Amino acid sequence: MFFFPWYSAMMLAVEAGTVIDRRLWKIAQGGAEGAAESHLMVQEKVDALFQAGSVLLAGGSSAEVIDMYRKHVAANALRLQPLLAAQINKPEAIRPS
């Protein structure tokens with residue numbers, strides 16, 4: 001990581017893009033699950049903000065904050081993975097005829 005200090009930040013952007021896509025699909029489907037995902041998303045953002053602040057206040061580096069966010073994003077990607085599988089197995093859900 002010494003030679004590529006930007007790598008973690010770049011990977012966070014790519015990984016977060018995938019989670020954003022999955023979340024938007026779930027929210028767009030509506031219903032109780034979409035509403036619950038919206039509320040969960042906002043709560044997670046607030047929690048992550050406070051966690052990042054406490055890392056920085058404790059003397060942590062920006063790299064530690066990025067690693068912390070990558071862990072959160074990875075957990076969400078894993079949780080939302082069944083949604084991606086459903087989209088792949090049901091192409092009509094993506095493009096209605």
Side-chain angles (χ1 to χ4, degrees):
M1 291 306 296
F2 177 75
F3 295 105
F4 302 108
W6 45 267
Y7 180 78
S8 288
M10 181 188 69
M11 288 305 298
L12 174 61
V14 171
E15 294 159 353
T18 303
V19 170
I20 290 167
D21 178 56
R22 292 177 188 173
R23 277 190 149 156
L24 287 177
W25 273 103
K26 192 168 188 175
I27 292 168
Q29 290 174 349
E33 287 186 23
E37 188 65 34
S38 294
H39 291 285
L40 179 63
M41 179 177 62
V42 171
Q43 185 61 48
E44 286 176 349
K45 302 265 185 232
V46 171
D47 292 344
L49 174 70
F50 283 111
Q51 189 176 1
S54 56
V55 166
L56 292 173
L57 285 173
S61 67
S62 59
E64 290 177 83
V65 172
I66 290 171
D67 289 341
M68 184 250 339
Y69 273 108
R70 285 189 70 198
K71 288 177 186 173
H72 286 284
V73 169
N76 279 321
L78 190 61
R79 179 179 58 81
L80 293 166
Q81 193 160 358
L83 177 64
L84 180 64
Q87 290 171 357
I88 291 170
N89 294 328
K90 294 182 181 179
E92 66 277 2
I94 298 171
R95 287 179 235 91
S97 49

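Remember, predicted model here, so these are calculated numbers, not experimental data.
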task = Determine which pairs satisfy salt bridge (charged side-chain N to carboxylate O under 4.0 Å, His left out) with at least one residue from residues 54-74, sequence neighbours left out, and list them in order.
result = Glu15-Arg70

key: Side-chain H-bond candidate by donor/acceptor type, Gln43 with Asp47, under 3.5 Å   = yes

Between CE on residue Met41 and NE2 on residue His39, distance to nearest 0.5 Å = 10.0 Å

ask   = Got a second to check how far Glu37's CD is from Leu80's CG, nearest 0.5 Å?
value = 5.0 Å

task = Is it possible for you to say whether Met11 and Trp6 belong to one hydrophobic cluster, with membership spreading through side-chain heavy-atom contacts below 4.5 Å?
result = yes

key: Heavy-atom pair with the smallest gap, counting every atom of Leu56 and Ser62   = CD2-N, 4.5 Å

key: CD/Gln51: more than 12 non-hydrogen atoms of other groups inside 6.0 Å   = yes

query = Under the side-chain contact (heavy atoms from CB on, under 4.5 Å) test, which residues partner Ala75, sequence neighbours left out?
reply = none

key: Gap between atom NZ of Lys45 and atom CG of Leu40 - 0.5 Å precision   = 10.0 Å

query = In the hydrophobic clustering (ILVMFWY, side-chain contacts below 4.5 Å, transitive), which residues join Ile20, or is it alone?
reply = Leu24

inquiry  = Within the 4.5 Å heavy-atom criterion, are Val19 and Arg22 side-chain neighbours or not?
reply    = no

Spatial distance of atom CD1 (Ile66) from atom CE (Met68) [nearest 0.5 Å] = 10.0 Å

